[in-house]
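Hydrogens, waters and symmetry mates are skipped; everything else that's a heavy atom, side chains included, is used.
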Amino acid sequence: MTIQIGDRIPDATLTTMTPDGPKPVTTAELFGGKTVALFAVPGAFTPTCSARHLPGYVDHRADLAGKGVDTVACVSVNDAFVMGAWAKDNELNGADDIVMLADGNGDFTRAVGLSLDAKGFGMGERSQRYSMLVKDGVVDQLNIEQGGEFKVSSAEHLLAQL
């Protein structure tokens, strides 16, 4: 079942890349007591994700902060090394910028009910493209894209909801 507005984020462990290597981060740590703009992409380095989705959040990070967002985070069903390389390629600097979260086995993605079967594209199980605003662990806004679209999960759309 897909997570809904008003639902609590499930307990899960994601991974972020640090200078010392991969570091686990729990959803309780990430979302507890904070307002978080979370967006999900089907894959790091993929065309729409790299050309439009991530850059929009990079461009609007300060605007989101000005509207009360403490953390902007990107999650993908990729490993921490790939997410770390994507962050480096986009000159991101960790928590002060955008937190890049690896959901390597797709556990978080399945727990929120937003997995995508991309086997037809040779990508296996991935995440649907979406954005959500989470306040102290509870979903306040949820924007799920229709297949192949990029509209409602954009930084601009989420910013307009604040």
Got [X] and [Y] here, is their nearest side-chain heavy-atom distance under 4.5 Å?
X      : Y      : value
Thr35  : Leu133 : yes
Cys74  : Met83  : yes
Arg129 : Pro42  : yes
Ile3   : Leu142 : yes
Ile98  : Met100 : yes
Leu64  : Leu162 : yes

Taking side-chain hydrogen bond (donor to acceptor under 3.5 Å, both in side chains) as the cut-off, I'd like each qualifying pair that reaches into [range], sequence neighbours left out, listed once.
range          : result
residues 8-22  : none
residues 75-89 : Ser50-Trp86, Ser76-Asn78
residues 24-34 : Thr26-Glu29

I'd like to know if the side chain of [X] and the backbone of [Y] have a donor-acceptor N/O pair within less than 3.5 Å.
X      : Y      : answer
Asn90  : Ala87  : no
Asp136 : Gly33  : yes
Arg61  : Asp97  : yes
Glu145 : Ser153 : yes

Are [X] and [Y] connected, step by step, through hydrophobic side chains (Ile, Leu, Val, Met, Phe, Trp, Tyr) whose heavy atoms are closer than 4.5 Å?
X      : Y      : answer
Phe150 : Val41  : no
Met17  : Phe45  : no
Leu38  : Ile144 : yes
Val112 : Val138 : no
Val75  : Val77  : no

| query | Given Leu159 and His157, is the side-chain contact (heavy atoms from CB on, under 4.5 Å) satisfied, shown in steps? | reply | CA-CA 5 Å; Leu159 190 57; His157 185 84; over 6 Å; no

| query | Residues sharing Val152's hydrophobic cluster, by side-chain heavy-atom contacts under 4.5 Å among ILVMFWY, directly or via others? | reply | none

| Partner residues of Phe39 under the ring-ring contact (aromatic ring centres under 6.0 Å, His included) criterion, sequence neighbours left out |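 Listed in chain order: His53, Tyr57.
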
| said: According to salt bridge (Lys or Arg N to Asp or Glu O under 4.0 Å), does anything in residues 100-113 pair up with another residue at least two apart or in another chain? List the pairs. | reply: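 Those involving residues 100-113 are Asp107-Arg110, Arg110-Glu125.
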
| Any side-chain donor near an acceptor of the partner, Ser131 and Asn143, under 3.5 Å | yes

| Test side-chain contact (heavy atoms from CB on, under 4.5 Å) applied to Met132 and Ile9, step by step | CA-CA 11 Å; Met132 66 170 72; Ile9 293 289; 3.7 Å; yes

| said: Within this structure, what is the CG-OH distance for the pair Leu158 and Tyr130, rounded to the nearest 0.5 Å? | reply: 12.5 Å

| message | Checking Val58 against Glu91 for the side-chain contact (heavy atoms from CB on, under 4.5 Å) test, could you report, in this order, the C-alpha distance in whole Å, the side-chain angles of both residues, the deciding distance, and whether it holds? | response | CA-CA 10 Å; Val58 171; Glu91 300 177 357; over 6 Å; no

| request: Of all the heavy-atom pairs spanning Ala44 and Val82, show the shortest one and how long it is. | output: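 Looks like CB-CG1, 3.7 Å.
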
